[in-house]
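Quick caveat, the model's predicted, so the values are computed rather than measured. Proteins get letters first, then strands, A, B, ... in listed order; numbering begins at 1 in each.
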Amino acid sequence: MSMAKLNPKGASADARATGAQLLAWYDRHHRSLPWRLPPARIAAGERPDPYRVWLSEIMLQQTTVQAVKPYFETFTSRWPSVRALAGAPGDDIMKVWAGLGYYSRARNLKKCAEAVVERFGGEFPADLDLLKSLPGIGDYTAAAIAAIAFDRPVAVVDGNVERVATRLRSIATPLPAAKPQIRAFVQSILPAARPGDFAQATMDLGATICTPRRPACALCPVNGDCLAFLGDEPERFPVKAPKAEKPKRLGAAFVAQRNDGAILLRKRPETGLLGGMSEPPTSGWTSRQDGEPGLEAAPFEAEWEPAGMVGHVFTHFELRLSVYRANIDRAAPDGCWWSAAADIHSEALPTVMKKAIEAAIPGATLKPVQNRQQRRN
DNA sequence: TACACGTGGGT
DNA sequence: TACCCAAGTGT
């Protein structure tokens with residue numbers, strides 16, 4: 001059992017050994033991911049494409065690898081470079097991002113791509129502060145890009161690393177207050193070489209071994225250095241502040257369908273919840289519990305029929321949406337448009353809005369079978 | 001510092 | 001079921 005003691009330079013022999021062990025583990029057990037260059041190719045002198053590193057890091061913010069994979073494939077196929085993305089219409093980006101959540105990321109994605117083209121000639125900067133000056137890039141993402149894409153020796157601290165670090169050092173300070181301690185510790189075990197591989201090694205360890213619940217400590221390459229493991233309660237870390245209760249809100253959605261199957265949509269304001277995304281007309285979402293929002297919130301008079309209730313859980317509140325449906329044939333009101341039946345699936349509809357449309361018109365948001373229109377052409 | 005900001009999977 | 005959680009950022 002080795003208790004690491006920091007020397008005046010900030011890194012003990014044990015700490016350095018921890019970093020080296022993580023790298024050795026990564027060489028054997030790294031995950032194979034679409035945006036990742038495996039350690040053997042890094043060792044051979046290759047570097048990953050900074051565009052792909054950036055795009056993957058933005059998508060992976062608060063989002064699982066599994067959810068990101070198909071979106072990353074779609075984005076890189078459609079927009080293979082930051083210049084291509086910068087030239088894309090913002091609405092197209094929102095449509096392709098639809099379903100991935102945290103839509104400010106998609107709005108900032110275009111802003112950032114444009115800034116890279118205008119300010120840096122289409123090449124991502126390697127400098128931490130320049131990276132952080134770009135929209136959507138904060139402390140974590142700047143460090144990740146600098147380390148992974150540009151081989152800069154910086155500490156990369158995400159949720160995985162926070163978990164690994166608080167366990168290794170038995171840091172009982174609740175998050176986020178513990179962040180400075182965590183950063184200092186990660187800095188102390190940072191190897192002299194391979195900062196990008198080291199960052200990904202620590203994240204892979206957190207994702208596959210040092211998991212939030214039931215960590216596989218027996219398989220951990222650094223369990224001999226882990227104070228939480230030696231103290232027999234790794235799951236105690238990290239300590240987090242208690243979460244606030246989720247309020248419940250009520251609202252209504254109005255799904256109007258034209259005789260040819262088109263559905264009436266509008267665009268939400270550019271900022272705020274689901275900003276810049278599309279929706280069928282909805283009421284405001286209130287916290288009152290004295291009854292469901294009713295027809296007074298409808299976009300126009302029609303024979304609105306109840307079409308059920310949709311529940312959806314956002315990060316900070318729960319929503320129950322009363323869905324109404326009407327078949328009408330009229331011009332779209334100001335700010336709205338009729339979206340053809342064949343186009344609904346590719347609109348910038350957040351998941352909650354797809355749920356509402358599905359409640360009113362089952363199958364309406366699914367991708368139509370490719371044939372009829374094609375045959376006519 | 002604290003809160004707003006999505007979604008889907010795991011237990 | 002209810003809660004937790006995931007490669008965080010912006011305000």
Do the side-chain N or O atoms of A:Gln62 get closer than 4.0 angstrom to the phosphate oxygens (OP1, OP2) of C:dG8? yes
Could you list by number each residue of residues 95-104 of chain A showing a heavy-atom separation from DNA chain B of less than 4.0 Å, or answer none if no residue does? A:Gly99, A:Leu100, A:Gly101, A:Tyr102, A:Tyr103
Kindly assign one of parallel, tilted or perpendicular to the pair A:Tyr51 and A:Trp54, based on the angle between their ring planes and the thresholds 30° and 60°. tilted
Please determine if A:Arg249 forms a cation-pi arrangement with A:Phe317, meaning its NZ or CZ atom is less than 6.0 Å from the six-membered ring centre and no more than 45° off the ring axis. yes
Would you say C:dC5 has OP1 or OP2 under 4.0 Å from some side-chain N or O of A:Thr64? no
Taking only residues two or more places apart in sequence, or in another chain, which ones meet A:Phe72 in a ring-ring contact (aromatic ring centres under 6.0 Å, His included)? A:Trp35
Scan residues 160-181 of chain A for pairs that pass ring-ring contact (aromatic ring centres under 6.0 Å, His included), counting only residues two or more places apart or in two chains. none
Whether the side chain of A:Arg268 engages the backbone of A:Gly276 through a donor-acceptor N/O pair (distance < 3.5 Å, no angle test) should be reported. no
Flag, side chain of A:Arg36 to backbone of A:Arg31, donor-acceptor distance under 3.5 Å: yes
Between which nucleotides of DNA chain B, read 5' to 3', does contact with chain A run, using atoms under 4.0 Å from its heavy atoms? B:dA4 to B:dG8
Considering only atom P, compute the distance from B:dC3 to C:dA7 and round it to an integer number of Å. 23 Å
Below 4.0 angstrom from OP1 or OP2 of C:dA6, is there any side-chain N or O of A:Arg163? yes
Tell me which residues in residues 147-162 of chain A lie within less than 4.0 Å of DNA chain C, going by non-hydrogen atoms. A:Asp158, A:Gly159, A:Asn160
On a whole-Å scale, what distance lies between the P atoms belonging to C:dT11 and B:dG6? 14 Å
Report the relative orientation of the aromatic rings in A:Trp304 and A:Phe254; use parallel for angles under 30°, tilted for 30 to 60°, perpendicular for over 60°. perpendicular
If each of A:Asn108 and A:Arg36 is mapped to the nucleotide of DNA chain C with the nearest heavy atom, which maps nearer the 5' terminus, i.e. the 5' end? A:Arg36
Return the set of residues passing side-chain hydrogen bond (donor to acceptor under 3.5 Å, both in side chains) with A:Asp49 (not counting sequence neighbours), or none when no residue passes. none
